[in-house]
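Quick note: residue numbers are just sequence positions, from 1. The figures here come from the full heavy-atom set of this structure, side chains too, leaving out hydrogens, waters and symmetry mates.
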Amino acid sequence: MSLVERLSAMEEYEPWSREQSPSSRQRKLSFNPVGTWVPPTAHEEPVGAYEVPKAKRIIQVCFAVLYCLLAAGIVFGYAAIKPVLIEEEVYRKYCTKEELEKGVRVCYEQEIRLNFMFTVAAVSTNVVALPVGTILDRYGPRVCGIMGSLFVAIGCVFFAFAWQLPFDGYIPGYLFLALGGPFIFISSFQLSNTFPQYSGLILALLTGAFDTSSAIFLFYRLIYDATHGSFWPKRFFLAYLVVPVYILTVQILVMPAASYKTVGELVKQAEDETQEEYESDSEIDNMESIQQLREGRRVHRESVISEITELLGSKDANEQTKKEEKKKSVSGVWGALHGRTAMEQIKSPWFILITLFTVIQMTRINYFVATIRPQYEYLLGNYQKAVMINHFFDVALPLGGVISVPFIGIILDNTSTPFCLGLLVAIATTIGLLGVIPQTWAAYANICLFVVYRPLYYTTVSDYAAKVFGFATFGKVYGLIICLAGLFNFSQSALDAMTHKLFTNNPIPVNLILLGLALLVGASLVGFVWKKSNSLNREHIEQEAESAREAIMPDANGNGYGTMTG
């Protein structure tokens with residue numbers, strides 16, 4: 001879900017000048033996957049951050065980081081809570097008589113159903129990003145936040161009473177916990193505009209909170225073990241209801257109903273404030289009244305521009321713009337399909353290859369999270385070692401995400417997109433190779449690489465989508481990529497069945513199949529993007545050379561550079 005970690009100001013903006021036409025300004029980035037396909041609806045206009053007291057904005061950011069830490073991505077702590085559910089004999093009733101007589105720790109049907117619970121949650125987390133974008137654009141962040149808190153509360157109630165319900169309450173419970181995450185997390189992104197000069201830091205805090213939230217189930221498992229199971233899931237999830245109550249309270253009392261204005265919108269406002277005369281002035285006969293009116297406008301205009309300048313650091317956001325221009329130049333792929341329709345972009349190799357790559361990698365990631373303990377129990381032939389590795393993973397997953405965030409930013413800002421994609425493929429291949437080596441050192445090395453690779457992968461894909469496809473179609477194109485990848489995650493159940501039935505619990509064949517597919521698609525993607533990047537760079541150089549030749553040509557009268565005199 002760190003799909004926007006690199007989009008610090010949530011839009012593309014250009015240096016402001018009075019001569020710049022409104023049409024030249026690029027569109028604000030939108031997470032709405034349907035865009036103009038749905039009729040507009042009335043909603044509150046964005047508010048300038050300078051209109052809200054600084055102290056309140058700081059409180060809003062702090063509250064958002066806290067509730068993202070508590071609820072945004074808790075379902076990804078599945079590897080930590082799975083042992084608790086097994087200990088509580090969840091789905092144990094589906095085990096065969098022979099399996100129960102043998103005293104197996106986890107029977108086949110139990111493993112499949114527990115993993116399916118996580119699969120449904122992982123799929124829904126990706127697919128729900130589509131309606132979240134629409135709701136956020138149409139109804140604002142407060143509505144999204146309130147909906148997220150309600151979903152989390154419903155998930156808690158289902159899970160708390162799943163032991164007593166006449167139907168399976170675990171899957172819907174975990175599903176609603178997963179649904180609440182994107183509503184809470186994505187609606188918080190606009191808070192990066194509370195302090196535009198520190199938008200990157202704010203998004204890093206929110207993203208770090210999202211990654212760390214997977215540790216909630218780790219802390220619960222530690223409490224469960226320390227109390228010898230007396231603090232069982234029903235007690236935990238009833239106590240956890242305090243989190244959605246907190247989120248709901250904060251949304252109603254503290255959080256903004258409308259999104260904050262982005263950098264581009266603030267710059268546009270500063271541009272509009274330069275207007276001194278209005279057509280309505282001609283309707284006033286009294287010149288003295290007109291002068292008073294214009295004087296009042298001048299004072300207001302200077303006040304607004306002063307506040308915007310203080311907020312941005314400069315009236316036209318020059319510093320931010322220079323940084324963005326540098327990133328565009330370094331990427332090598334910026335603008336590859338900008339200006340094309342979403343359908344044209346979706347039909348292109350740019351989209352097809354990144355979608356295939358995302359489908360395979362997301363499946364690998366979620367399959368590993370769901371099956372880490374049985375995989376290493378088979379590879380190492382020792383249950384206790386598998387438990388130790390599982391515990392190490394539970395700590396490393398949230399920690400790795402937090403530690404890697406600033407380094408990911410440095411990599412994406414200072415290296416080309418082909419390099420970043422090549423780095424992803426290289427790390428993914430290394431992880432795949434380490435994952436089939438039956439050695440303890442390989443297991444720990446695999447986990448260390450995995451917890452760094454996961455946030456890098458998600459961030460690089462969103463960065464690629466913004467740079468290649470542009471902001472006007474971002475919601476549709478990126479939303480479709482993540483949606484398709486999420487839906488294909490249902491194949492994880494088939495992978496589980498293959499591992500248990502076809503390969504008799506041996507995870508190596510499935511891991512090698514996924515490794516081979518990832519390497520094939522990844523190499524194709526990197527090769528294509530590298531080739532197109534070189535072509536785009538050549539075109540850019542030719543355009544600059546053409547512009548330079550035009551600049552030194554003599555003018556129409558024969559005067560200027562190169563003029564001959566007799």
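- When all heavy atoms of F76 and L397 are compared, the pair lying nearest together is O-CD2, 3.4 Å.
- For the residue pair Y376 / N446, a side-chain donor-acceptor distance below 3.5 Å is found, with atom types taken as modelled.
- A cation-pi geometry, defined here as NZ or CZ lying under 6.0 Å from the six-membered ring centre and within 45° of its normal, does not hold between R113 and Y170.
- F116 and I171 make their closest contact through CD2-CD1, 3.7 Å (heavy atoms, listed as atom of the first residue, atom of the second, distance).
- Side-chain contact between F490 and T119 is present, with heavy atoms from C-beta onward closer than 4.5 Å.
- Atom CD of E87 sits in a sparse spot, with 12 or fewer heavy atoms from other residues, nucleotides or ligands closer than 6.0 Å.
- The closest side-chain donor-acceptor pair between D168 and Y91 falls under 3.5 angstrom.
- Of all heavy-atom pairs between Y220 and F231, the closest is OH-O, 3.0 Å.
- T358 and Y464 share no side-chain donor-acceptor pair at under 3.5 Å.
- Using a 4.5 Å cut-off on side-chain heavy atoms (C-beta onward), Q375 and N511 make contact.
- When side chains are defined from C-beta on, T363 counts as touching S491, because their heavy atoms get closer than 4.5 Å.
- Formation of a donor-acceptor pair under 3.5 Å by the R105 side chain with backbone atoms of Y383 is not found in this model.
- Across all their heavy atoms, A370 and Q492 have their closest contact at CB-NE2, 3.2 Å.
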Subject >> ring pair (Phe, Tyr, Trp, His ring centres under 6.0 Å) between F210 and Y458, intermediate numbers included >> reply: CA-CA 13 Å; F210 170 81; Y458 282 114; 8.3 Å; no
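- For the 3.5 Å distance criterion, the side chains of N115 and Y78 qualify, holding a donor opposite an acceptor.
- One finds a salt bridge joining E111 and K82 here, because a Lys/Arg side-chain nitrogen approaches an Asp/Glu carboxylate oxygen to under 4.0 Å.
- Residues Q384 and M388 are not in side-chain contact: their nearest non-hydrogen atoms beyond the backbone lie 4.5 Å or more apart.
- A ring-centre distance under 6.0 Å is found for Y444 and F392.
- At least one side-chain heavy atom of M498 sits less than 4.5 Å from a side-chain heavy atom of I513.
- Put simply, the side chain of Q110 gets close to the backbone of V90: a donor and an acceptor are under 3.5 Å apart.
- One N or O on the side chain of R142 and one on the backbone of M255 form a donor-acceptor pair closer than 3.5 Å.
- Residue A71 comes nearest to V243 through the heavy atom pair CB-CG1, 4.0 Å, listed as atom of the first residue, atom of the second, then distance.
- The closest side-chain heavy-atom distance from F118 to V75 is not below 4.5 Å.
- Around the CZ atom of F219, the shell of radius 6.0 Å holds no more than 12 heavy atoms that belong to other residues, nucleotides or ligands.
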Where do L480 and F351 land on the side-chain contact (heavy atoms from CB on, under 4.5 Å) test, with the steps shown first? CA-CA 10 Å; L480 183 58; F351 176 86; 3.6 Å; yes
Check the pair C420 / D463 against side-chain contact (heavy atoms from CB on, under 4.5 Å), numbers first and verdict last. CA-CA 10 Å; C420 292; D463 187 69; 6.0 Å; no
Under 3.5 Å donor-acceptor pairs involving side-chain atoms of residues 144-165, not counting sequence neighbours:
residue, atom, partner, partner atom, Å
S149, OG, I146, O, 2.6
Q164, OE1, K234, NZ, 2.8

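- A donor-acceptor pair is defined here as one N or O able to donate and one able to accept, closer than 3.5 Å; no such pair exists between the side chain of R454 and the backbone of I365.
- Looking at Y224 and E88, their side chains come closer than 4.5 Å, going by heavy atoms from C-beta outward.
- Residue F407 qualifies as open at atom CZ: its count of foreign heavy atoms under 6.0 Å is 12 or below.
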